[in-house]
Amino acid sequence: MKYTDIDKIKNSPIGFFDSGVGGLSVYSKFKKILPNENTIYYGDLKNMPYGNKSKEELLGCSRRILNFFKGKEVKAVVIACNTSSAIAYETIKNEYDFKIYPITQTCAKTISGMNIKNIGVFATLATINSHAYKKVLQKYNAETEVSEIPCQNWTSYIENGMINTTECYEDVKDKMKKMLENNPDKIILGCTHYPYLLDILSQFAPKDMFIDPAEMFVEYIKKDLTQLDLLNLSGKEETEEFYVSANPNEFVRNAKMFYEVKTLPAIV
Ligand code: DGL
């Protein structure tokens, strides 16, 4: 490969995707830790919530978005969505010639090294049914006890601007009650939407009991891109683009807690 080609690859954008604003909990950390990278974020609002979809449907969503990123000539894609990572990643990981980073597998491995005895996992129904966190946590540390609780409605509360409703509060309270019966030392927020609920969750347990995998995920990506010599070192001001499959106004409004999206995303 010619030097100019390598240079072009380094300057290429990195794609991020999720069913909606959840992936911004990862994206916002990424922009702080790797501010020089060009980025594209895709929110699949038309198909949210992903957590109640079948494997076939989730594969379809992932492939459509990855093909979109292929057209954008990205150098890597970050699956900022646990459901897609848990259900679709293994099947699609070799279908593209750019690097794909799945949040669940990456972070479960890192968390397994923290020697936590009793871990709780809150995630979508699809992620919980796949036992993606549990499998990896116990693969690297067979002694770890893992209790998993699906939270089927939490993504919709966030995407529909319902965080401050009694319905949302009561649901979070109920799931926390069930979770605390298992005496977890730590609770993984195994869906990238759930950090949006941290203020409510922390009314029932100390904030430091919750693990938001976003930061460790971004640190891993940074290390890997550095090792692959793929970091953008051009010194030019970075670019960012946002796309959604529906509801751009809702996306911008709900994004605010984690990221200020300055221009209305295009619908693709
Ligand atoms: N935020 C995603 C996840 O991490 C998807 C949630 C959903 O759409 O149900 O699983």
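Counting convention: from 1, in listed order, for ligands and their atoms alike.
Using a 4.0 Å cut-off between heavy atoms, D18 contacts ligand 1 through its side chain alone, with no backbone atom that close. Contacts with ligand 1 closer than 4.0 Å are made by heavy atoms of both the backbone and the side chain of C191. When heavy-atom distances to ligand 1 are checked against a 4.0 Å cut-off, N82 comes that close through both its backbone and its side chain.
Side-chain atoms of K31 and T39 form a donor-acceptor pair, as typed in the model, at a separation below 3.5 Å. With no hydrogens or angles considered, a side-chain donor-acceptor pair links Y133 and N82 at under 3.5 Å. Checked by atom type, the side-chain pair E240/Y27 shows a donor-acceptor distance below 3.5 Å.
Although no hydrogens or angles enter the test, the distance criterion places no donor-acceptor pair under 3.5 Å between the side chain of D171 and the main chain of E167.
For an aromatic pair to be called close, the ring centres must be under 6.0 Å apart, and F122 with W154 satisfies this. The distance between the ring centers of F30 and F16 falls below 6.0 angstrom. Y243 and Y41 have their aromatic ring centers separated by at least 6.0 angstrom.
Every atom of ligand 1 is numbered from 1 in the order shown, and the set under 4.0 Å from a heavy atom of T83 is 3 (C), 5 (C), 10 (O). Listed by number with element, the atoms of ligand 1 under 4.0 Å from a non-hydrogen atom of S19 are 5 (C), 6 (C), 7 (C), 8 (O). For ligand 1 and T124, the ligand atoms under 4.0 Å from any heavy atom of the residue are 6 (C), 9 (O), 10 (O). Residue T155 approaches ligand 1 through these ligand atoms, each under 4.0 Å from one of its heavy atoms: 6 (C), 7 (C), 8 (O), 9 (O).
Distances between N or O atoms of Y50 and those of ligand 1 include at least one value under 3.5 Å.
Nearest protein heavy-atom neighbour of atom 9 (O) of ligand 1: G51 N, 2.8 Å.
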